[in-house]
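Everything on this sheet refers to the single structure shown next.
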Amino acid sequence: MAATEPAAGDDSLYVLTACLLTPARFPSVLGDDYPAACAALGLAPYEEGYGLLFGQDGLGARWTVVIDDVSLVAVAIASWDCGMAYDLSPDESSVVAGLPGWPLPVATKAPGVPDPHDPEPEEGDPAPLSPPAGDVWGPAQRRLGADEVALHWNEWRDRIAPGPTQERPAAAPAAAQDPYTGVRRALEELRGYLEEPPPAGRVRSGFAGEGARTIRADGPGWSLVARTDDMAFVLLDDLPREVLPVTRGPQLPALLEGLDAIAVRPT
C-alpha cells in the first residue's frame with residue numbers, strides 16, 4: 001500500500017498506509033468519540049475531519065502526517081481495499097501537522113531506508129505516538145476489543161446458543177460481584193444518549209446487510225457492539241478481555257433503533 005517513494009534527503013516521506021479521522025470513522029484507540037480522538041493528537045475537532053498518513057522519512061523514522069484532504073485519503077483506502085495501487089501524494093498545502101511516531105501498529109516498512117524507529121527528539125517536540133500495549137487492559141484495549149467483535153460478528157454470535165428472547169445477560173457467570181452491573185450501567189447511559197446527544201462519534205452506525213445496521217457505541221468504562229436486528233455485546237474496563245452478551249428482549253430493539261437514529265454514519 002505504499003504510495004510515496006522516498007527521495008534523497010531526510011524530509012521526504014514514504015507513506016506506508018493511512019486512515020481516516022472523521023466523526024464517523026476514527027481510530028478507536030485514540031478516544032471514545034471524535035473530539036477525544038482529535039484531542040489525543042492535539043487537533044481541533046474539524047467537522048470535515050482529517051486523513052492520517054503513516055510513513056517513514058529518509059532516515060527510517062516513523063511519522064504520522066495529518067492532512068485535511070479527507071477525500072484523497074478515502075479514495076486511497078478504497079483503492080487499496082480493492083487491491084489496486086494508489087499514489088497517495090498530498091499537496092503540501094493540505095498538511096496540518098507532522099507528529100513523531102505512529103498511534104497504530106504498521107506491519108510494513110519502507111524499502112531502502114533503516115528499520116522503523118522514533119525520530120530523534122528536539123526541544124519542545126511532543127512524545128512519539130505509540131500503539132497501545134497488548135499486555136495490559138484499559139480504555140484503548142477495550143475499544144479495540146469492541147472493534148474486533150464488530151469485525152467478526154458472526155463468529156461471536158455463533159457462540160451464543162439460540163433461546164428465548166430476553167433483555168438480560170446471556171449465561172451470566174457466577175461471581176461474588178455481578179459482572180453485569182457494568183452492563184446495566186452502560187445500557188442506562190445509552191438510554192441517556194437518546195435524551196441528550198453525546199459528542200460526535202460516540203455512537204456510530206454502519207451497514208450490516210439485510211436491512212440491518214451495526215451499532216458501535218462507547219462511554220466511560222464501556223463499549224457496545226450490536227446489530228439492530230439482533231443482540232448486543234458489551235466490554236468493560238473493569239472486566240479485562242471479557243465479552244458480555246446481552247440477548248434481545250422487549251426494550252433492546254427500541255434502544256438500538258433510537259441509537260441508530262442519532263448515530264453518525266459514513267458518507
Side-chain angles (χ1 to χ4, degrees), residues 19-37 45 47-49 70-71 73-74 77-78 81-82 139 142-160 162-170 182-236 243-267:
C19 72
L20 295 176
L21 176 60
T22 68
R25 188 175 173 184
F26 57 88
S28 61
V29 296
L30 298 176
D32 284 333
D33 50 57
Y34 175 64
E47 184 176 353
E48 299 300 322
V70 178
S71 297
V73 176
I77 293 173
D81 287 347
C82 293
R142 176 249 303 164
R143 291 188 294 265
L144 282 174
D147 290 346
E148 284 296 308
V149 173
L151 183 62
H152 302 288
W153 173 268
N154 290 336
E155 296 177 20
W156 285 96
R157 184 62 181 87
D158 289 345
R159 300 185 184 191
I160 307 301
T165 58
Q166 51 182 335
E167 180 137 350
R168 61 182 177 82
V183 173
R184 288 188 284 270
R185 176 175 61 84
L187 294 176
E188 284 302 313
E189 291 184 10
L190 284 165
R191 293 185 180 96
Y193 287 176
L194 303 183
E195 300 177 3
E196 184 176 347
R202 185 68 67 90
V203 181
R204 288 163 281 161
S205 174
F207 178 71
E210 302 178 355
R213 305 290 297 183
T214 295
I215 303 297
R216 265 291 282 115
D218 297 289
W222 57 264
S223 292
L224 173 134
V225 185
R227 276 184 52 140
T228 53
D229 64 346
D230 200 356
M231 58 179 293
F233 293 96
V234 174
L235 291 83
L236 304 171
V243 179
L244 306 174
V246 181
T247 55
R248 199 167 178 86
Q251 298 181 25
L252 187 63
L255 173 62
L256 297 180
E257 292 295 338
L259 292 172
D260 184 47
I262 67 168
V264 180
R265 300 187 177 205
T267 56

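Positions are given from 1, in the same order as the sequence printed here.
Nearest heavy-atom pair, Leu20 versus Ala74, reported as atom, atom and distance to 0.1 Å: CD2-N, 4.0 Å. Pairing each heavy atom of Arg143 with each of Leu30, the nearest pair is NH2-C, 3.9 Å. A pairwise comparison of heavy atoms in Asp32 and Gly219 identifies OD2-O, 3.3 Å as the closest pair. Closest approach of Ala208 and Thr214 over heavy atoms only: CB-OG1, 3.3 Å. Scanning both residues, Ala217 and Leu190, for their nearest heavy atoms gives CB-CD2, 3.6 Å. Shown here for Ala200 and Asp33, the closest heavy-atom pair between the two residues is O-CB, 3.4 Å.
Residues Pro197 and Arg202 fail the side-chain proximity criterion, which asks for heavy atoms closer than 4.5 Å. A 4.5 Å side-chain heavy-atom check between Arg248 and Pro253 finds at least one atom pair inside the cut-off. Taking 4.5 Å as the limit, some side-chain heavy atom of Val203 sits within range of a side-chain heavy atom of Pro198.
A donor and an acceptor atom, one from each side chain of Arg142 and Ser223, are located under 3.5 Å apart.
Judged purely by atom type and a 3.5 angstrom limit, Thr228 uses its side chain to pair as donor or acceptor with the backbone of Arg213.
Between atom CG of residue Asp218 and atom CG of residue Leu224 there is a gap of 8.5 Å, rounded to the nearest 0.5 Å. Distance check: Leu252 CG to Met231 CE gives 9.0 Å after rounding to the nearest 0.5 Å. If you take CG on Leu21 and CD on Glu48, they are separated by 12.5 Å, rounding to the nearest 0.5 Å. Taking CZ from Arg25 and CD1 from Ile77, the interatomic distance works out to 5.0 Å, rounded to the nearest 0.5 Å. The distance from the CG atom of Asn154 to the CG atom of Asp158 is 6.5 Å, given to the nearest 0.5 Å.
Annotation: side chain to side chain donor-acceptor pair (under 3.5 Å) contacts of Thr22 (sequence neighbours excluded): none.
Aromatic ring pairs are classed by plane angle as parallel below 30°, tilted from 30° to 60° and perpendicular above 60°; the pair Trp153 and Phe233 is perpendicular.
Sequence neighbours left out, the pairs with a member in residues 219-232 that pass salt bridge (charged side-chain N to carboxylate O under 4.0 Å, His left out) are Arg157-Asp230, Arg227-Asp229.
A salt bridge links Arg185 to Glu189: one of the charged nitrogens lies within less than 4.0 Å of a carboxylate oxygen.
Cation-pi geometry between Arg204 and Phe26 is satisfied (NZ or CZ under 6.0 Å from the ring centre, within 45° of the ring normal).
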